[in-house]
Every structure is written in C-alpha cells, then in structure tokens.
Amino acid sequence: MSEFHEELRIVLAGFGGQGLLFAGKVLAYTGLIDDREVSWLPSYGPEMRGGTANCNVSLSDEAIGSPLVLDPNVLIAMNQPSLEKFEPMCVPGALLLVDSSMVPVKVGRTDVEVCYVPATKLAEDAGLKGLANIVLVGKLFAMKGFCSWDTLEAAIKKCVPAKKVEMVQKNLDALMLGVSA
Amino acid sequence: MAEEKVMFDRPHALLPIVTNYCPGCTHGIVNRLVAEVIDELGIEGRCVGVAPVGCSVMAYKFFGCDMAEAAHGRAPAVATGLKRTHPENIVFSYQGDGDLASIGMAETVHAASRGEKITVIFINNAIYGMTGGQMAPTSLPNQITQTSPYGRDVITAGYPIRVCEMLSTLDGVAYLERVCVDSPRNVRKAKAAIKKAFTYQSESRGYTLVEVVSTCPTNWGMTPQKAFEWMRENMLPYYPLGVYKDVVAEGFENAAEAALKRAEACPMVNVQKEA
Amino acid sequence: MSEKVLMKGNEALAESAMRAGCRFFFGYPITPQTELAAYMSKNMHKVGGVYLQAESEISAINMVYGASAAGARVMTSSSSPGISLKSEGISYMAGADLPGVIVNVQRGGPGLGSIQPSQSDYWQATRAMGHGDFHVIVYAPSTVQEMADYIYEAFDVADKYRTPVMILADGMLGQMMEPVVLPEPKTSLPEKPWACDGHKNAREHNIANSLYLTAEDLNRLNFERFERYETIKQNEQRADLYLVDDADIVLVAFGASARIAKSAVNAARAIGIKAGLIRPITLWPFPCDCIKQASLHAKAFLCVEMNMGQMVDDVRLCVAGSKPVSFFGRTGGVIPAPLEVLDCIKSLNEGGR
C-alpha cells in the first residue's frame, strides 16, 4: 500500500484515562496493517496516574528517526494544559484537533488549521462514554484520509482486547461519529 | 588369615583433599556429616552444593558432587538458580553466620519464604573466622572480638540474631533444627538432622535448614576443649538446641499444607485458580 | 517467517529471548523495563520456563549465576540503578566463565536520577561492569526489530564464548512500539559439559567458581580470558554505516541517539553537506576498524550521545588524534533534537569545533 504519502507526526495529549495511548495505538496499527513505517512512543512515569498523558505516533513511508515528535503536524488535544503545551510546537499548517467540550479556550495561532470537535459530549450523548478519543480518531481519518476505512476497522479490531470484544462495535460507532462530526 | 573389614573410611562424597580448616574447628566434622548423608542417600550424582564466602569458601574443592562458589551472602540465590533449573537435583548451601545472617540475610529470608526446596547448613560460631575474628550478627552480648574489643555493646551494636527462631515464622519452611557437634552423641543427632533435611528436600516438602552451633578456637583464643566448654556455657543458653519447625511432625505433608492451615481464615488464600 | 507485529521494545526483548531458548528469568521491578518482566511473568510458564521475582537485583543476578552454572539459558533485566546492584554478580559470572544475558533499559543518572531515557551507562557497560579485569559483550540496538534480533543472537554469543552479554537499550527503545518480525523459536541448544547439573557418577565434579588464591593461577586464567576477548574483538565487531563512503563529517552514535543522528545526516545531505553516520551495534567490542577507515577521508567526527560524553572516548582512541572529534550530548532524559545536531554538523562543516 503506497497510496498515502503524507508523513504524519502526531501528538495525542490529555488527561490519563482519556484513552490517548489507546487512540495512538489504533493509529499505529493502521500503519502496521498498510505496511508503512510506524512508531508509537508513550510518555511514561508517575504522571500517568491521573495526570497528563501523551503519546507520539509517526506514520511514514520513510524510516522514522526519532520517535519523539518535536514538530507535530497533527495535534489531538483533549485538555487545556495539553493544548497550551503542544500548540507552540506544531509546524505551520499543522492540523489541531481540539476536544472543545474539554478545552474552553481557542487556539491562538493563525498559521495552523484548527478543528473543534466536542468529542466528549458527542460520545456521551451517543451512549459511547469514554470513547471521545476514538471520535477524534474518526475526525482525523475524515480530514486526512491516512488509510482506508477497512484498515481503520481492522486496526480497531487489533487494539480491542479479546476479552472486550463487545467494544469493537462501540469503537466503530465512535469512529463514525467523528467522521460525521 | 582373618577377614579384613573396613570399619571407618572417608565418605565417597568427601574428596581426599587437605582442608584449610584450623585444628579443632568443627567445620571438618560438619563437612564429613554432610558427605556421609550424601553417601547414605545415594544422591552424589544429582547433588549440587553451594560454597559461601567465609572459612568454608574452599568447600567447592572438598565435596565430590558438583559445586558452585557464591558471592558473599548470595548462596541461597545461587542455590535457587541451580534448583529451579534442575528441580530433580538435591541442592544445598553451606554457610557461616556472617554470610547467612548478615550480608546474606535478605537472600536467607526470601529463599525460606519462597519455600525453595533447598537445604541450608548453617555454621553459627558467633564470629567472622576467615577475616580474623570480627563481630558477627550472632556474636553474644559482651563477647570480645576484634571489632568489639570492649565486648559487644548491645546498645550500639544491637542484639544477636536467633536464626532458627526467626525463620520458624515463615510459611515456606518445612524443617529447622539447631544442633551442635561437641560430643559423639550430639554428632549423631546432628547427622540425623542433616539427613532429615536432605530427605525432606528430596520429598519436596519445603525449605530446610540445620543450624550447627559451633566453635572457633582460633579466633576465640581457646583450646578446642575450652571452646566447647565456652560454647556450652554461653552459646547454648542463647541458642537453645532443638527442632524449631518440622511440618511433618506437626501432621502436614509439606510446608505448603501447613501454610494453608495457618491462614485458613483468609479468603484470598483459598482462591481456586483456573487451570 | 513470522508475521509483522506491533510491539514495545521491552516486549520484543522478552518474546525474542524466549524464542532464543531462554527458559529462566530472574528480575526485580524497575522503570522503564517493567514490561519485559511483566511479559515474562505472563508467558514464561507457557513454554515450560521459570519466571521468578527476586527480593532484590542482587539476588536476581545471583539466581542467574546459579541457573547459568546449572546449564540454563537465563537472563535478567533492569534499568541503570538496578544494573549497578547487579554489577557484583556480573563480575562473578565473568570470573566463573558463565554465560547469561543482562538487559539494561537505561534511565538518567547518577543516583536515582530520572526514569527518562538515557545512555549514561556506556562507561559502566564497556569499562567497569564490576570489579576486576573483564569485559562483557555489549549490544546496542536502535530499533524494536534490533531489540528482537540482537537478544536472540546474544544467547548464542554468550554460550559460544562463555561470557555475560549485555543488551544496552534505553527507556525510549523499551517503551516505544514499532513493527517487528520475530525470529523463529530455536529448536536445538548447545551442550554444556561444564554445567553443574549433577555428575550422575559419570564424571569428575564440575565447579563454577571465580576464586583462585594462587596468584599464578589467577594470572594465567586472566591472560587466557583476554585471549578469548581478542577472538571476540576479531569476530564480533558490528556497526551500521550510512552514507560514510564520501562523508566529510562522520557522526558516530548508538541506540536511540543514532536515530536522531540519522535524521540530522539526512537533513545535512539535503543542504549539500556530505555527512554520514557510523552506528556501533556492538559497544564492546567497539567497532574500531570502520572508524579508523573513515578517519582516512573524514574532515571531522561528531559523537551524539544521551550522556555527557562517554563513547566519544572510544572514538578518539580509534581516530588517534588524526582528525578532530567533537561531541554533542543531552542528559537526564532530554532527547537531542535533530535540528540541534544539524547545527553542530553545519558548524563543523564550516571548520568550527
């Protein structure tokens, strides 16, 4: 598969428990399935417990150097501290996906593309509490088309643990919610 | 000509090597008892010993079975590695008081608490012998050593550790006995204890340890006879001889069964695991 | 061949070790290597092996010593402070010629340091992995794939030369996920006639030991061991060369920092600077030959490390004063940025130091 050439350097950031590492894993699996170069790097340490959590995902057709994303061209921000921390690092023209039900402020920069999605509220209203992360993945898919729907669906199936198989459909619903948001 | 019969010989498991032990030291007796037990149980071919750091540091040369030399205090950890790799083998460590109860106390306690199926032969002579007579974790209160020249002051140097008593609280332990080797009768009792420990190990009953209250004529500065007298007079009241744990005598098959009974009020202990 | 899977570096190390025939793991919890031990605790019993959480790193390495003496394929893993505790046992293993694999998923130091990625144990791994005259073979993987590949190889090399082997990784490589193709499980392992596994009344007793009280004996054994080290130096030097042939500025970097250095080399080439990268894969034996070779045409060398400058010593020894050798480093968990490295390359290319 070589139809998707754009290199994505993605930072997903928010509170621990919002499923950012999981969302990053879904993105990474799309790369694995499409035989692209992939890296996934979590922040780790005491800050994981209830504090901020972030994860870096690179999807590329070239070998990936540092898995640490210092110049993201995609930022998924699920709380205000994360937006404030990572907004300045984004390259001009980057896509910022902001969960506007969690982040009360607006992006200050004018040289980036901003998309506000009330992902947490949308998910809760649709009976998909806890899947705002996947709503945002759906939105990213809709905007960047970094893989096919089949690949994305397969990635979800890879990431949902076998013991929670009933969660597959909910994740797919959340993706669709994001696509149409 | 009258038929000749061998009445006394070197045990097969003890190699014909001159030991480094001082004259009058009890290490020689205990080395021999261990070797006799190995012979009598017929286990030399599947026995692996661990020598410590201390006076018995050269024991890897003396025993005829396979031997590993451990770092100071780490013999129970090395024995764990040997035993876990070949559970069918009989693994013993042979350690002094500094090795076992000071630098190696963590390894001792945790090997016992895991119920490692090993046998520990513990020589307690209340002093560091090889390094020339320093205070040991088992040196008695007011005992004069090179590093307690005014006598062990328990206020600053703390109290001696009674190893058998302490280990008897641990659930992984199958058998603990404290013996000494100051008379033929006591030597026979010591051998019986060592044999029981090895036997329990071969029956996978749990962790086993035999503490031999010993002497160090050289560093105590006494003749061997005087050293035994001092030991009987001072050490035995502090370290009473006897069996400190024997799960079989208590009516259990092994340490695990005894542990289960002891903790039967705790629901977690009785959780049935899925196969 | 196995299919490509997405795995954390720590998990790839664990799975590949089991495929290499490792059946004994003795560990103690420490960040950031935790996933390795967790993976072993979940899976080792499925292949008939033993996972044991020791009471300390000290105990864990001595269990490794015992299992290795008994003939097992055995490993332990830790991170920097824990490796310091294991260093005594590693010295004893080297002194007793016992094979085994030790993984160090490095974090920042000294002391308790940080839990973020670092390469500050280079000196420890290559110079002073314990007391006494000895070396351990040190592999420095740079990708999750290499984590799997080199630990798989490490067990064979350890047995071949009867020496401890270290995998020197770091928190970034341990924590990150990348696609990896796992090696096939090994079906036959070497015989170990020296093992202390019970002589079965069929041979003399075997002894695992590092004590030699006669000076001449220990002297002779150390010389013999160093002859073996010479063989290892000849046979086991490994490095990956990237655009070195015509390079003016040759970067030298290992592990995670080599990934950053490579990005910087690409960026330099894009602006017309002839930069290249030598990436040592074995840190001991150090791949001296290719660095000497490169010194014939390079104008300058630049070491990039996540420490205060450790491997740079070895590079300087190889270059032997013939060309300038500069250093760029970050510590404490700070990851060097490719652009910072590019600035160094530019400066060197303009004749700066």
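Note: hydrogens, waters and symmetry copies are ignored here, and every other heavy atom, side chains too, is used. Each chain gets a letter, A, B and so on, in the order the sequences are listed, and its residues count up from 1.
In terms of modelled atom types and a separation under 3.5 Å, the side chain of B/Thr138 and the main chain of B/Ala136 share no donor-acceptor contact. Formation of a donor-acceptor pair under 3.5 Å by the B/Lys245 side chain with backbone atoms of B/Leu170 is found in this model.
Highest contact tally toward chain B, considering only C/Leu213, C/Ile61, C/Ile207, C/Val74, is held by C/Ile207 [criterion: heavy-atom pairs under 4.5 Å]. For chain B, the option among C/Val64, C/Leu52, C/Val50, C/Ile58 with the highest count of heavy-atom pairs below 4.5 Å is C/Leu52.
Checking B/Val91, B/Val50, B/Val48, B/Ile118 one by one against B/Val78, the side-chain contact (heavy atoms from CB on, under 4.5 Å) holds for a single residue, B/Val50.
Only the backbone of C/Ala195 has a heavy atom closer than 4.5 Å to any heavy atom of chain B. Heavy atoms of B/Ile43 lying under 4.5 Å from chain C are absent altogether.
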Working for side chain to side chain contact (heavy atoms under 4.5 Å, CB included), residues B/Ile127 and B/Gln146: CA-CA 10 Å; B/Ile127 205 156; B/Gln146 193 186 47; over 6 Å; no
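Annotation: side chain of B/Leu176 is not in contact with side chain of B/Glu211 (no heavy-atom distance under 4.5 Å). Looking only at side-chain heavy atoms (C-beta outward), B/Arg162 and B/Pro160 stay at 4.5 Å or farther from each other. Looking at heavy atoms from C-beta onward, C/Val101 lies in side-chain contact with C/Ile151 at the 4.5 angstrom threshold. The closest side-chain heavy-atom distance from C/Val136 to C/Ile90 is below 4.5 Å.
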Polar pairs (donor with acceptor) under 3.5 Å from chain B to chain C:
from: B/Glu44; atom 1: OE2; to: C/His199; atom 2: NE2; distance (Å): 3.0
from: B/Gly45; atom 1: O; to: C/His199; atom 2: N; distance (Å): 3.0
from: B/Gly45; atom 1: O; to: C/Lys200; atom 2: N; distance (Å): 2.7
from: B/Tyr60; atom 1: OH; to: C/Asn209; atom 2: ND2; distance (Å): 3.2
from: B/Tyr60; atom 1: OH; to: C/Leu211; atom 2: O; distance (Å): 3.4
from: B/Phe63; atom 1: O; to: C/His205; atom 2: ND1; distance (Å): 2.8
from: B/Gly64; atom 1: O; to: C/His199; atom 2: NE2; distance (Å): 3.2
from: B/Cys65; atom 1: O; to: C/His205; atom 2: ND1; distance (Å): 2.9
from: B/Asp66; atom 1: OD1; to: C/Arg203; atom 2: NH1; distance (Å): 2.9
from: B/Asp66; atom 1: OD1; to: C/Asn206; atom 2: N; distance (Å): 2.7
from: B/Asp66; atom 1: OD2; to: C/Asp197; atom 2: N; distance (Å): 3.1
from: B/Asp66; atom 1: OD2; to: C/Gly198; atom 2: N; distance (Å): 3.0
from: B/Asp66; atom 1: OD2; to: C/Arg203; atom 2: NH1; distance (Å): 3.4
from: B/Asp66; atom 1: OD2; to: C/Arg203; atom 2: NH2; distance (Å): 2.8
from: B/Met67; atom 1: N; to: C/Asn206; atom 2: O; distance (Å): 2.9
from: B/Met67; atom 1: O; to: C/Ala208; atom 2: N; distance (Å): 2.9
from: B/Glu69; atom 1: N; to: C/Ala208; atom 2: O; distance (Å): 2.7
from: B/Glu69; atom 1: O; to: C/Tyr65; atom 2: OH; distance (Å): 2.5
from: B/His86; atom 1: NE2; to: C/Ala70; atom 2: O; distance (Å): 2.9
from: B/Asn89; atom 1: ND2; to: C/Asp197; atom 2: O; distance (Å): 2.9
from: B/Arg114; atom 1: NH1; to: C/Glu55; atom 2: OE1; distance (Å): 2.9

